[in-house]
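Remarks on the structure that follows.
Values in this document were obtained by computation on a predicted structure and should not be read as measured data.
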Amino acid sequence: MSDESALTDLMRAGRETARLSTVFRSAIADRLGLTVSDLECLDFLADSGPTTAGRIAARTNLTTGAVTSMLRRLQQAGFITADRDPADRRRVIVTLRPERAADLEHPYAHFAARAAQLISHYTADELTLLLRHHAHLQSLYLAELDTLRNPVPEPSSPR
């Protein structure tokens, strides 16, 4: 297999994995009666801990208005609390309610067990490579999102 062919296959596999992940997460969101954006927000809170509504907007690529509506829905559904930051009353600190964490984990339980079984056969070096790969991809995605959100204007052509 040539380097070019291997790269093409790797990129195709990555796109297919991303597509399947999106479809899977959509099915999980449906099962929980949430939107995919709601689920992304809750997953982010589970990973990051309490954070601001502005940071959620940045990480979910939603407008602040859309985040406000989403947080209201999630608060009414009992998944989060949203309280004014005592240090800066303009900011809202959003926290995942710990008693609802199991509701979010349950739909992933079967997948998580199968994924753990899969990676249990990997060596420490293989896992290190995968972790490094994912860290690089995350950095790449964040850089590309920044470019999409803040495009550099093309210079004007002289007349």
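Heavy-atom minimum distance, L62 versus A66: CB-CB, 4.1 Å. Contact detail for V67 and A53: the closest heavy-atom pair is CG1-O, 3.8 Å. Across all non-hydrogen atoms, the minimal contact from H121 to E126 is O-OE1, 4.3 Å. The minimum heavy-atom distance between V94 and L71, with the atom names listed, is CG2-CD1, 3.7 Å. Here the closest heavy-atom approach between residue L39 and residue R25 is recorded as CD2-O, 3.5 Å. Here the closest heavy-atom approach between residue Q75 and residue A82 is recorded as NE2-N, 3.5 Å.
Side-chain contact between S37 and T60 is absent, with no heavy-atom pair separated by less than 4.5 Å. Taking the side chain as every heavy atom from C-beta outward, L130 and Y122 approach each other to under 4.5 Å. Side chains of D83 and T95 form no contact here, defined as non-hydrogen atoms less than 4.5 Å apart. The side-chain heavy atoms of R19 and E16, taken from C-beta on, include a pair separated by under 4.5 Å. In this structure the side chain of S48 reaches within 4.5 angstrom of the side chain of R55, judged on heavy atoms. Residues L127 and I119 form a side-chain contact, since some pair of their non-hydrogen atoms from C-beta on lies under 4.5 Å apart. Proximity of T35 to M70: side-chain heavy atoms (C-beta onward) are nowhere separated by under 4.5 Å. Under the 4.5 Å side-chain criterion, counting only non-hydrogen atoms from C-beta, L104 is in contact with L96.
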Side chain to side chain contact (heavy atoms under 4.5 Å, CB included) between F111 and I28, worked out: CA-CA 11 Å; F111 178 83; I28 297 286; over 6 Å; no

Stepwise side chain to side chain contact (heavy atoms under 4.5 Å, CB included) test for F79 and L34: CA-CA 11 Å; F79 281 103; L34 302 170; 4.0 Å; yes

Stepwise side chain to side chain contact (heavy atoms under 4.5 Å, CB included) test for D85 and T52: CA-CA 9 Å; D85 183 346; T52 65; 5.6 Å; no

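To the nearest 0.5 angstrom, L42 atom CG is 11.0 Å from D47 atom CG. To the nearest 0.5 Å, atoms CZ (R31) and CG (D103) are separated by 13.0 Å. Remark: N61 CG to I56 CD1 distance equals 14.0 Å, nearest 0.5 Å. Taken to the nearest 0.5 Å, the CG atom of L10 stands 12.0 Å off from the CG atom of D3.
Aromatic ring orientation, F24 versus Y108: perpendicular (interplanar angle above 60°, classes split at 30° and 60°).
Residue R59 qualifies as open at atom CZ: its count of foreign heavy atoms under 6.0 Å is 12 or below.
Following chains of ILVMFWY side-chain contacts shorter than 4.5 Å, one cannot reach I93 starting from F44, and the two form parts of different hydrophobic clusters.
Side-chain atoms of T17 come within 3.5 Å of backbone N or O of A13 as a donor-acceptor pair. Side-chain N or O atoms of R149 include one that pairs as donor or acceptor with a backbone N or O of A58 at under 3.5 Å. Using a distance-only test at 3.5 Å, with no hydrogens or angles considered, a donor-acceptor pair links the side chain of T8 to the main chain of E4.
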